[in-house]
Protein chains: 2
Amino acid sequence: MTKPRVTLKDIAGRVGVHPSTVSRVLNPKTRGMVNPEIAATIAETADKMGYRPNPFAYSLRTRRSFIIGVMIPDIANPVFPPIIRGIERILEPHGYAVVLANTDNSSERERVSIERFVERQVDGLITATSLLSDDFLVDLGADVPVVFVNRRAETPGVPSVVVNDAAGIAAIIEHLVSLGHRRVAHVAGPQLMSTGKIRYETFVEECRKAGLATDATLIEFTDAFMEGEGRRAATALLKREKFTAIVAANDLLALGCYGALADAGLVCGRDVSVTGFNDMPFVDRLQPPLTTVHIPLNEMGEGAARLLLDQLMENGSSETTITLQPELVVRASTGPAPKVAKK
Amino acid sequence: MTKPRVTLKDIAGRVGVHPSTVSRVLNPKTRGMVNPEIAATIAETADKMGYRPNPFAYSLRTRRSFIIGVMIPDIANPVFPPIIRGIERILEPHGYAVVLANTDNSSERERVSIERFVERQVDGLITATSLLSDDFLVDLGADVPVVFVNRRAETPGVPSVVVNDAAGIAAIIEHLVSLGHRRVAHVAGPQLMSTGKIRYETFVEECRKAGLATDATLIEFTDAFMEGEGRRAATALLKREKFTAIVAANDLLALGCYGALADAGLVCGRDVSVTGFNDMPFVDRLQPPLTTVHIPLNEMGEGAARLLLDQLMENGSSETTITLQPELVVRASTGPAPKVAKK
DNA sequence: CCGTGCCTTGCAAACGATTGCAGAAACTTG
DNA sequence: CAAGTTTCTGCAATCGTTTGCAAGGCACGG
């Protein structure tokens, strides 16, 4: 029993004008073209009849879908929901809908997601921590505006919003040094991702500057920013090295470290300190609460959405990269270095 | 430099047939109509030319968008991501894209979200823990199939997937009784939501059956399933009553109870036991780990998607309500009742 | 050899908007 | 008052599909 939708023609018939006139009235940009009196009548009856433009007809004609694709590794990772809400907060008022794609860190799934997006003719793309190289889109022959979030673009000119990873890592090292730690291990993120790479490089650099131990064996790389990998890496480190603290490249990896420490019968924050990165929701409620670097997730989303809008509206977008400042949050997972480095 | 998309006409021109023939070949249902040899040629060149159907033209003609709207309170609430992934796992292989709407528990925002969905001509709707009455859609004059998840429909015939709340609450009470608790408080959910209501009613019923205290003052209602409300409610309870355990209507409320206990200088799990509901991600890592009722979030999403597909395909869908069984998970937030009920 | 029916295929009309173009009416202006 | 200009509105094409209808070709039976 669907009551058929009201169309421009219906309104036109009612008012006694041509559909194109109705179209012009209903489009703010062209409304000025038509006689104000008639325009008022049209607008009124359109309203009265409950007119809703048919998005397909509109999109077919104008090739604008008002859909934005957002590609993330996994919505179940608490880092992403706030980013997404930030994106939606900005985009929704402009009439855009957001379609999500979870890739589970698989570059294959990234490919098909993007292909799906292009098929669906999204007007723009926001992609978080992607594995693919910058030019994945030109390969597809599509010129969809893209914004990276939490991933630095190699190509200059590709807009992205990132945090100052180096500053965050530096703050962590400084904090650990002030607590007396001298041998600090690093559970590094995937080096294919810009965040993983920069955090690792900064870690090495800052340790050197601070005069800390810089043995290569104090570092263990992971394949993915996931808890399981963190656990594996920390276990390996505990097996081969002595240290009093672990700097994990993000919170999820830190969570894995918690597990490894528990397995080893060590108390996190007393025997070994652990730090994370991101300050994702709920890490303040962990056992123990995690010392980490807070990054403004909401603003990252909003920034990405704004950069995208800039491109969509062809405003000579002034800025192309937004860098946000992180902030160290000290909680109970870090404490004074114990006298003797635990094995 | 967008290379213009390949259309049916392009292919037709290349092969030397009419576009409608190409259309028939590319549509599995009508492919049988056309000469197999020609069909093969067409399929091949379509493939070679990289044909991608224009979704707008298709939707305009057929009035199917292949978009499903999913309405939830807040994606940042860890209960929902697994549900959403479940939905997508089922829907995506059928070509459907999912558009999310966060309502922040505002019925006003629910209204506008639904209106947006209808405007966009979604093919179906899945809505989680909605405040609106069952018939919100008929008011809109739209006949979009709907499935409720985690919300019981009042109207019979409206498909929904829910968990057996009563069994969950019963298990909790049984557990608390076995630990020696006699005075148990309840932080009840909003009574406008079916889950809040059923859990509350079952709580009262089970307390009575088990011979526990049933003072009305042992119960405090909340306006929303949110941490802040849980904290407020638990604080109020602590101020006016004696009890040794709190049954919260869900995990978020339980989290609020944690806060209230900490404020009062009480140790959760020793002085006062706390239970939740849902077993959302990360509650096993809380301080202390939360005793709660596990519900299969992924399956809820999958079930909802399947029920929706049933409606979309007009299969005489056999079942209309899926009820999933919950399971008590005992962790450290519950312990033996202390000798003297804490005030 | 012709009528009947099936198998293919093309034609053209939708679906519901947007928009360049042209013409009619109204208004300036000298 | 004529010529030119502006303002408004309608016409019709277009976006890329799908699909009812009709017609051509061919085989077959009588």
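No hydrogens, no waters, no symmetry mates; every other heavy atom, side chains included, goes into these values. This is a predicted model, so every value here is computed, not measured.
- Pairs passing the ring pair (Phe, Tyr, Trp, His ring centres under 6.0 Å) check and including a residue from residues 9-29 of chain A, sequence neighbours excluded, do not occur.
- Residues A:N150 and A:T195 have side chains in contact (heavy-atom distance under 4.5 Å, counting atoms from C-beta outward).
- Rounded to the nearest 0.5 Å, atoms OG (A:S160) and CZ (A:R151) are 9.0 Å apart.
- None of A:I68, A:D123, A:V146, A:V70 except one satisfies the side chain to side chain contact (heavy atoms under 4.5 Å, CB included) rule with A:L308; the exception is A:I68.
- Across all strands shown, A:T21 has heavy atoms under 4.0 Å from sugar-phosphate atoms exclusively, and none from any base.
- If you check every strand for non-hydrogen atoms under 4.0 Å, B:S20 touches a base.
- Rounded to whole Å, the distance from CZ on B:R5 to C1' on D:dT17 is 12 Å.
- Pairs engaging residues 77-90 of chain B under the salt bridge (Lys or Arg N to Asp or Glu O under 4.0 Å) rule: A:D74-B:R85, A:D104-B:R85, B:R89-B:E302 [sequence neighbours left out].
- Summarising the geometry, the separation between CG on A:L8 and C1' on C:dT19 is reported as 13 Å, rounded to the nearest angstrom.
- Between the P atom of D:dT17 and the CZ atom of B:R52 lies a distance of 12 Å, rounded to the nearest Å.
- Here the nucleotide nearest the side chain of A:R63, chosen from D:dC15, D:dT17, D:dA12, is D:dC15.
- Sorted by first and then second residue, the side-chain hydrogen bond (donor to acceptor under 3.5 Å, both in side chains) pairs involving residues 24-45 of chain B (not counting sequence neighbours) are B:S20-B:R24.
- At a non-hydrogen distance threshold of 4.0 Å, B:M33, B:V34, B:N35, B:I38 from residues 30-45 of chain B come into contact with DNA chain C.
- Using a 4.0 Å heavy-atom criterion, one finds that B:R24 contacts the bases of the nucleic acid, with or without backbone contacts as well.
- DNA chain D lies under 4.0 Å from at least one heavy atom of each of the following residues of residues 9-19 of chain A: A:V17, A:H18.
- From A:M71, atom CE reaches atom CG of A:N102 across 11.0 Å, with rounding to the nearest 0.5 Å.
- With rounding to whole Å, A:Y51 atom OH is found 7 Å from C:dG16 atom C1'.
- Listed by first and then second residue, the ring pair (Phe, Tyr, Trp, His ring centres under 6.0 Å) pairs involving residues 42-95 of chain B are B:F66-B:Y96 (not counting sequence neighbours).
- To the nearest 0.5 angstrom, A:I42 atom CD1 is 8.5 Å from A:I11 atom CD1.
- Protein atom CZ of B:R64 is 16 Å distant from nucleotide atom C1' of D:dT19, rounded to whole Å.
- Counting non-hydrogen atoms under 4.0 angstrom, B:P53 reaches the backbone sugars and phosphates but no base.
- Atoms CG (B:L60) and P (D:dT19) sit 12 Å apart, rounded to a whole Å.
- When the P atom of C:dA14 is taken as reference, atom CG of A:N54 falls 17 Å away, rounded to whole Å.
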